[in-house]
S.K.: 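Have a look at the structure that comes next, please.
Treat the numbers as computed from the prediction; the structure is a model and nothing was measured.
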Amino acid sequence: MALFTLVSGSVGVVTLQNPPVNALSAAVRHGIVDMMDKALSEPEVKSVVICGQNGRFCGGADIKEFGKNMTGPPLVPMIHRIESGAKPVVAAIEGIALGGGLELALGCHYRIAHSKARLGLPEVHLGLLPAAGGTQRLPRLIGVPAALELITTGRYVTAAEALRLGMVDEVTDGNTVDAAVKLALSVAGKSLDARRISNYPCPQPPGLDRFFETAMQQVRQSARGAMAPVACVQALRAAASQPYGEGMQREKELMDTLFHSGQARALQYFFFAQRAVGRWSTPSGSRWDSSKPRPVHKAAVVGLGTMGRGITVALAQAGLSVVAVETHEKQLMEARQAVSGMLERGAKRRGVAPAYGKISYSSDLLPVADVDLVIEAVFEDMELKRSIFEQLSEICKPDTFLCTNTSGLDIDRLASHARNPELVVGMHFFAPAHVMKLLEVVYGPRSSPQAVATAMLLGRKMDKVSVAVGNCPGFVGNRMLKPYLEQAFFLLEEGATPELVDQALEEFGFAMGVFRMSDLSGLDVGWRVRKADGLVVAGASTGPSARSRRGFRYSPLGDLLCERGRFGQKTGSGWYRYDKPGGRVAKSDPWLHGFLEQYRADHGLAARRVDQQEVLERCLYALINEGFRILEDGIAAGPEDIDVIYVLGYGWPRHRGGPMFYATTVGLSEVLERLEHHHRAHPDVPGLQPCRLLRKLVASGSPPVHSWREFIKKSRSHL
Ligand SMILES: CCC/C=C/C(=O)SCCNC(=O)CCNC(=O)[C@H](O)C(C)(C)COP(=O)([O-])OP(=O)([O-])OC[C@H]1O[C@@H](n2cnc3c(N)ncnc32)[C@H](O)[C@@H]1OP(=O)([O-])[O-]
């Protein structure tokens, strides 16, 4: 798994061989140790180059080995041996140097990177820290503040930034290995004293204690309960205040705790879940590996509200030509300005030129005639969408894919208004669409495998994680949101406050609690959906029937706020109050508390004490229960799909792996038991009634999450 070749008579080239990313598996580590022994002991070898096969230096430790019995030579002594050896070693970094891969390069005496290479220490995203000396060598090389930022965020840097920071010695546009060999020849026999990073003193930031206190405060705030970023700060503090050997010891202690933590397991599960969703399948048997996508060069976006603007930017940034259509002239002008601003900011961040030229604007539909794919992003109104689909079917080429950005309307109904229903799929983006990583690709019963494959690939091109889901009201994400929101409303009726519910959810790790989030996205959004579902009945928000719909419990609280014009941030009040319409800082609202008291009095409800544990159980277990129903119905193919949707689209804390993974960490039988308990207390709430699949999994001994797909398949085939 590592190859040795002698080039130019005296340079030993050690090539890591473990496709696709040359991860440092036990076999690769063995290979490196053996080949370095050879290089260091053979007299004709005067210097060494380490590189990776197929233009990729190294993607780091082999994540698949984590959680198993680790065998093979450990990384720390392996890297130490390279650094302390008597012959100069040059890392030739092509493609990627990540995690243990970058740490290996930091143990080398010189680093040359290709201009397209990316470098980083992303261990924090896996619940770990760079424990092969990364937390001790990087700050010695580039200073504490820069190292702290890179290690706590796991951000990848370009070769150009790496050069600026001092992480690499040279950047080349040519053949990196050739350049490294040239450098290796030129430094053979020279003293290495000044090239061993572990010998460098660590530059101390001014006001060391204050610096780290501030850093810790900031990291704790953004980590939302994740342990790894905090451990990274602790390890860097050791680097800045202790000798190298002691710092390494501290790095090891911190890693030992993280390595066996539930958070690391959850984050590593999530790493593979994000990749697993690319291997999609549908109940009708279409699959990622047998469905060929069609190339999309030119696309159109119809409707340039907030979503349409973001989608336009995402498409243009992905290199597609875009026709952006908005029939209201004033809105078209505003959209054009807004899109240009977004492109400019994005280009600045990425160090490229803004893709203005990729977009043409139109106030009518005719210019979409020659596009390969249209994304309709108009107002969430079935009639409006239907009419647009009919017009598009007339105007577009017969093989144009017609996609809708609806967040929950019936894809199949829309497809029935298209000339070719098999070319219709949902592409449900999340706001802001040019930033958010998630795309739900929604297939209806008539969507062709090619339409699904094309939308999935287009999502990937836009740098999104695309998840294929079936057609049902709300699809996966918004369908699961419904019982979650419902429980939050019920808890208010029973005695909780928005502050209490939000605090419980934020301490759990959500960026925002349900009520603050609802204020941000606008209470009127849910109100419109409830109206369309026939749940908001004029005059039925008060009186004895107010709290029941179709025989089940219903809370009209959200409707009552909307009736009073309290739509959240945009109107300056919702579940909280704000300084002004559009204000961002949520303040506790005495009016709302009084309103809740009056509401309970009107409905004969006695307020009781609700604690944080109950908030979590009622809101989260109801959401998880709906997730099981979604699996049961075949709307999502596996738990990974749901978890990816929830983490990337709904702010579920990543270090808890997603709702379905979280259920396994709580214990499926515990989730079942608590749902049964709450359902007994609230028999008129179907969301709390444990679903069949959950019962079946518990009865089958709660199999681990990665085997649910097989289990679900088997239990379906028995039906
Ligand atoms: C102990 C001391 C401390 C050190 C700790 C570490 O180093 S921790 C590690 C720190 N390093 C990281 O965190 C790096 C994480 N990796 C990445 O960021 C990206 O994978 C990439 C940029 C390397 C390639 O992106 P891309 O879009 O071109 O491709 P892609 O993402 O689709 O991956 C292709 C395939 O490779 C697989 N695979 C990838 N990496 C690893 C790995 N390290 N291991 C095993 N497998 C790995 C991946 O699962 C997928 O497999 P599949 O599904 O085909 O069976």
S.K.: Taking atom CD of E44 as the centre, report whether more than 12 heavy atoms of other residues, nucleotides or ligands fall under 6.0 Å from it.
M.R.: yes
S.K.: Does any non-hydrogen side-chain atom of D193 lie less than 4.5 Å from one of N199?
M.R.: no
S.K.: Determine whether V469 and V441 make a side-chain contact, defined as any pair of heavy atoms from C-beta on separated by less than 4.5 Å.
M.R.: no
S.K.: CG of L75 to CG of L104: how many Å apart, nearest 0.5 Å?
M.R.: 8.0 Å
S.K.: Hey, is E94 close enough to K116 for a salt bridge, meaning N to O under 4.0 Å?
M.R.: no
S.K.: Quick one: closest heavy-atom pair of A468 and V452, and the distance?
M.R.: CB-CG1, 4.4 Å
S.K.: Using 0.5 Å steps for rounding, measure from the CE atom of M36 to the CD1 atom of I82.
M.R.: 5.0 Å
S.K.: Is K38 salt-bridged to D34, cutoff N-O under 4.0 Å?
M.R.: no
S.K.: Let me see the working for Y650 and F510 under ring pair (Phe, Tyr, Trp, His ring centres under 6.0 Å), right down to the final yes or no.
M.R.: CA-CA 9 Å; Y650 293 83; F510 279 97; 9.6 Å; no
S.K.: On a heavy-atom basis, which atom in M660 and which in P639 lie closest, and how many Å separate them?
M.R.: CB-CB, 3.8 Å
S.K.: Measure from the side-chain N and O atoms of K87 to the backbone N and O of L40, and report whether any donor-acceptor pair falls under 3.5 Å.
M.R.: yes
S.K.: Report the C-alpha separation of K252 and D256 in whole Å, then their side-chain angles, then the decisive distance to 0.1 Å, and conclude whether the salt bridge (charged side-chain N to carboxylate O under 4.0 Å, His left out) test is met.
M.R.: CA-CA 6 Å; K252 180 179 177 313; D256 284 347; 3.1 Å; yes
S.K.: Using a 3.5 Å distance criterion without hydrogens, assess whether the side chain of E65 forms a donor-acceptor pair with backbone atoms of A26.
M.R.: yes
S.K.: Kindly compute the distance separating CZ (R237) from CZ (F211), expressed to the nearest 0.5 Å.
M.R.: 10.5 Å
S.K.: How many angstroms lie between CD1 in I645 and CG in L648, if you round to the nearest 0.5 Å?
M.R.: 9.0 Å
S.K.: Please say whether more than 12 non-hydrogen atoms of neighbouring residues, nucleotides or ligands are located less than 6.0 Å from CZ in R350.
M.R.: yes
S.K.: May I have the step-by-step check of side chain to side chain contact (heavy atoms under 4.5 Å, CB included) for V45 and S10, ending in yes or no?
M.R.: CA-CA 5 Å; V45 178; S10 66; over 6 Å; no
S.K.: Assess the residue pair L129 and E251 against the criterion (side chain to side chain contact (heavy atoms under 4.5 Å, CB included)); give the C-alpha distance rounded to whole Å, side-chain angles, the decisive distance to 0.1 Å, and a yes or no.
M.R.: CA-CA 8 Å; L129 52 70; E251 182 187 90; 3.8 Å; yes
S.K.: Taking Q268 for its side chain and K64 for its backbone only, find out whether a donor-acceptor pair lies under 3.5 Å.
M.R.: no
S.K.: Examine distances only and state if a side-chain atom of R275 and a backbone atom of F270 form a donor-acceptor pair shorter than 3.5 Å.
M.R.: no
S.K.: Looking only at heavy atoms, what is the nearest atom pair of R140 and I197, with distance?
M.R.: CD-O, 3.5 Å
S.K.: Check whether any side-chain heavy atom of M1 lies under 4.5 Å from a side-chain heavy atom of R29, and answer yes or no.
M.R.: no
S.K.: Roughly how far, to the nearest 0.5 Å, is the CZ atom of R118 from the CZ atom of R56?
M.R.: 8.0 Å
S.K.: Is the side chain of Y200 donor-acceptor paired with the backbone N or O of A194 at a distance under 3.5 Å, no angle test?
M.R.: yes
S.K.: For L6 and G12, work out which heavy atoms get closest and say how close.
M.R.: CD1-N, 4.2 Å
S.K.: For the pair N175 (side chain) and V177 (backbone), establish whether a donor and an acceptor sit closer than 3.5 Å, ignoring hydrogens and angles.
M.R.: yes
S.K.: With distance as the sole test, does S47 use its side chain to make a donor-acceptor pair with the main-chain N or O of A184 at under 3.5 Å?
M.R.: yes
S.K.: Counting only heavy atoms from other residues, nucleotides and ligands, does the tally under 6.0 Å from CZ of R155 exceed 12?
M.R.: yes
S.K.: Can you name the ring-ring contact (aromatic ring centres under 6.0 Å, His included) partners of W280, sequence neighbours left out?
M.R.: none
S.K.: Does any non-hydrogen side-chain atom of V476 lie less than 4.5 Å from one of D641?
M.R.: no
S.K.: Are any side-chain N or O atoms of K464 and backbone N or O atoms of M436, one a donor and one an acceptor, separated by less than 3.5 Å?
M.R.: yes
S.K.: Which heavy atom in G127 sits nearest to a heavy atom in L258, and how many Å separate them?
M.R.: O-CB, 3.4 Å
S.K.: Might you work through the side chain to side chain contact (heavy atoms under 4.5 Å, CB included) test for V13 and T15, ending with a clear yes or no?
M.R.: CA-CA 6 Å; V13 177; T15 308; 3.9 Å; yes
S.K.: Please determine whether a side-chain nitrogen of the Lys or Arg among D169 and R195 lies less than 4.0 Å from a carboxylate oxygen of the Asp or Glu.
M.R.: yes
S.K.: Which atom names give the shortest non-hydrogen contact between C232 and V124, and what distance separates them?
M.R.: SG-CG2, 4.3 Å
S.K.: Is any side-chain heavy atom of V233 closer than 4.5 Å to a side-chain heavy atom of L148?
M.R.: yes
S.K.: Quick one: does L138's side chain get under 4.5 Å of L106's, heavy atoms only?
M.R.: yes
S.K.: Assign the ring pair Y269 / F661 to parallel, tilted or perpendicular, where the plane angle (0 to 90°) is split at 30° and 60°.
M.R.: parallel
S.K.: Could you go step by step and tell me if V277 and V467 meet the side chain to side chain contact (heavy atoms under 4.5 Å, CB included) rule?
M.R.: CA-CA 6 Å; V277 298; V467 186; 4.3 Å; yes
S.K.: Are V90 and V48 packed together at the side-chain level, in the sense that at least one heavy-atom pair is separated by less than 4.5 angstrom?
M.R.: no
S.K.: Do side-chain atoms of W288 reach the backbone of S281 as a donor and acceptor pair under 3.5 angstrom?
M.R.: no
S.K.: I want to know whether F508 and Y662 have ring centres closer than 6.0 Å.
M.R.: yes
S.K.: Identify which one of V187, L192, I50 satisfies the side chain to side chain contact (heavy atoms under 4.5 Å, CB included) criterion when paired with V89.
M.R.: I50
S.K.: Rounded to the nearest 0.5 Å, how far apart are CG of D289 and CZ of R279?
M.R.: 10.0 Å
S.K.: Is R656 salt-bridged to D643, cutoff N-O under 4.0 Å?
M.R.: no
S.K.: For the residue pair Y244 and R137, confirm or rule out a side-chain donor-acceptor distance under 3.5 Å.
M.R.: yes
S.K.: Indicate yes or no for a side-chain donor-acceptor contact from Q317 to the backbone of G346 under 3.5 Å, with no hydrogens or angles considered.
M.R.: no
S.K.: I want to check something: taking the side chain as every heavy atom from C-beta on, are L236 and F212 in contact at a cut-off of under 4.5 Å?
M.R.: yes
